[in-house]
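Values reported hereafter were calculated over all heavy atoms of this structure, with side chains retained and with hydrogens, waters and symmetry mates removed.
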Amino acid sequence: MGNSSKRKKEKQKDFQKPKLKVGKAKAKPENFTDTSFRSKAIVLNQQSLHVAAPSSNSQFTHHLSLLSSKSDSQRRDSLAHLTTSIASRPVNSSLPQPVSVMLPSLLPLILDGNSNVRTQLLKLLRTLPRNDVQDHVAQLLPYIRAGMTHLAADIRVSAVEILSWMVEAAGEQVVSCAGGWIKTLNCFLSVLGWHTEESSRWSSNRASFGKSGSQGRPMVKVLGALAEFLEAGIGQPSADDESAGAEYNSSWPFPLSCTGQHMISDSSAPYAYLNLFGQPRDEEGEMYETREDRARVFASRFLPAIQRGVKSAREEGGELGRASSGVSKVLKEASSYGLEA
């Protein structure tokens, strides 16, 4: 009997509420674990507070440094800020930073994997003064050619768009710089698949560059850029160029004739074509400054392949066939003054 009553009392203890006195804390359980912590703080005795906001030039330099950020949105937003700063500057005022300072940060973005970043980059490039672009064509072309031969189809299309802008901005400077003629044409043939007769037959079948739903639009952009590039290289000189040359020669009094042809050029590097202090160049890296030299090299190395490719694109019809007519027009104009395969 004694043992049973003792067990009952022990069981009742588990269900009894302890009576707490006022002001006394509740007892902690035996398995209680202390999880409290104290955070350490850094206290600065002196802080520098500036009332004036940072200048526009310092903000421009800051966003220029953010172009190497790992975040796609950060690179895109920084490019947008730089574009707005250049486009909104007063007329005839200098750039916040020289183009030579901006290019090392801008050029790697030609191969950026994010399409929004490349689109914003093209918008920024379009805001640059054309005179500054002409002086840095040799720096831009290697990155553009790397983009044209990239494994990603969208990067190839973006590089072709940038090349089209540069031909529009710099014109003959693009095709006459070192490697600007032969190497770029080789990249065009690689993008279009026109290197051999067999490849030109099936190139139109992959006109979408492996991207479904694009309906050959990338191929149309490449053909349009090729027509502009050939027009700058071997197209007939414009009437303004001919009249300017005639006026320049007529300014010399008799008996001097065509003296302007023998004068030192006004360009920043008039003897760059001699390559006096550079690495030895092969045929592909040479500078072809005259239309006659470019036409001669084009006829011997590229004309048959491009004619086959244009014929194949014309037979494809549709938007692709219409785009090939621009290349055919340039070839016909060039053949009118001696371009033959």
Side-chain angles (χ1 to χ4, degrees), residues 50-148 155 158-180 184 225 228-229 232 240 244 265-272 278 287:
H50 296 279
V51 178
S55 63
S56 58
N57 285 347
S58 62
Q59 290 182 5
F60 190 93
T61 304
H62 173 65
H63 282 279
L64 193 63
S65 66
L66 292 178
L67 295 181
S68 59
S69 172
K70 294 182 179 180
S71 172
D72 297 339
S73 59
Q74 180 64 71
R75 297 195 302 273
R76 182 199 61 205
D77 295 343
S78 295
L79 284 172
H81 177 86
L82 298 177
T83 305
T84 304
S85 300
I86 296 175
S88 61
R89 75 186 195 281
V91 182
N92 297 328
S93 63
S94 60
L95 295 172
Q97 290 288 346
V99 175
S100 58
V101 176
M102 292 188 286
L103 280 183
S105 300
L106 296 176
L107 292 179
L109 299 181
I110 297 176
L111 308 176
D112 196 280
N114 188 277
S115 60
N116 294 327
V117 173
R118 297 194 306 273
T119 302
Q120 191 62 48
L121 173 65
L122 182 58
K123 293 180 181 179
L124 171 60
L125 294 175
R126 292 186 183 278
T127 61
L128 297 178
R130 293 196 172 189
N131 294 335
D132 294 339
V133 173
Q134 293 175 2
D135 296 336
H136 299 88
V137 166
Q139 290 179 262
L140 284 159
L141 271 178
Y143 284 88
I144 293 176
R145 288 196 293 262
M148 293 175 67
I155 294 181
S158 298
V160 169
E161 292 176 347
I162 294 177
L163 178 62
S164 179
W165 156 79
M166 194 167 63
V167 171
E168 178 185 354
E172 195 173 354
Q173 301 292 334
V174 179
V175 296
S176 61
C177 70
T184 310
E228 296 172 356
F229 185 78
D240 295 337
S265 174
D266 295 335
S267 62
S268 58
Y271 299 109
M287 298 175 65

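Glu168 and Ser164 are not linked by any side-chain donor-acceptor pair at a separation below 3.5 angstrom, with hydrogens and angles left out of the test. Between the side chains of Ser71 and Ser69, no donor-acceptor pair is found at a separation under 3.5 Å.
Nearest heavy-atom pair across Phe229 and Gly180 is CZ-O, 3.2 Å. The shortest non-hydrogen separation linking Leu109 to Arg118 is O-CG, 3.7 Å. Minimum interatomic distance between Thr127 and Ala87 (heavy atoms only, all atoms of both residues): CG2-CB, 4.3 Å. Shortest non-hydrogen contact noted between Phe60 and Ser85 is CD1-CB, 3.7 Å. Of all heavy-atom pairs between Val137 and Cys177, the closest is CG1-SG, 4.0 Å.
The closest side-chain heavy-atom distance from His136 to Leu107 is not below 4.5 Å. The shortest distance between side-chain heavy atoms of Val133 and Val99 does not fall below 4.5 Å. Side chains of Asp112 and Leu121 form no contact here, defined as non-hydrogen atoms less than 4.5 Å apart.
No side-chain donor-acceptor contact under 3.5 Å links Arg126 to the backbone of Lys123. Within the 3.5 Å criterion, the main-chain N or O of Arg75 finds no donor-acceptor partner in the side chain of Ser78.
Ser55 OG to His62 NE2: the interatomic distance, rounded to the nearest 0.5 Å, is 12.5 Å. The CG atom of Leu95 sits 6.5 Å away from the CG atom of Leu128 when rounded to the nearest 0.5 Å. Taking CE of Met166 as the start and CD1 of Ile144 as the end, the distance is 3.5 Å to the nearest 0.5 Å. Between atom CG of residue Leu125 and atom CG of residue Leu103 there is a gap of 8.0 Å, rounded to the nearest 0.5 Å. Distance check: Gln134 CD to Glu172 CD gives 10.5 Å after rounding to the nearest 0.5 Å. We find the CZ-OG distance between Arg89 and Ser56 to be 12.5 Å, quoted to the nearest 0.5 Å.
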Verdict with reasoning, Leu163 to Val174, per side chain to side chain contact (heavy atoms under 4.5 Å, CB included): CA-CA 9 Å; Leu163 178 62; Val174 179; 4.3 Å; yes
Side chain to side chain contact (heavy atoms under 4.5 Å, CB included) assessment of Leu79 paired with Leu106: CA-CA 9 Å; Leu79 284 172; Leu106 296 176; 3.8 Å; yes
Side chain to side chain contact (heavy atoms under 4.5 Å, CB included) assessment of Asn116 paired with Asp72: CA-CA 8 Å; Asn116 294 327; Asp72 297 339; over 6 Å; no
Side chain to side chain contact (heavy atoms under 4.5 Å, CB included) between Leu67 and Leu82, worked out: CA-CA 10 Å; Leu67 295 181; Leu82 298 177; 3.9 Å; yes
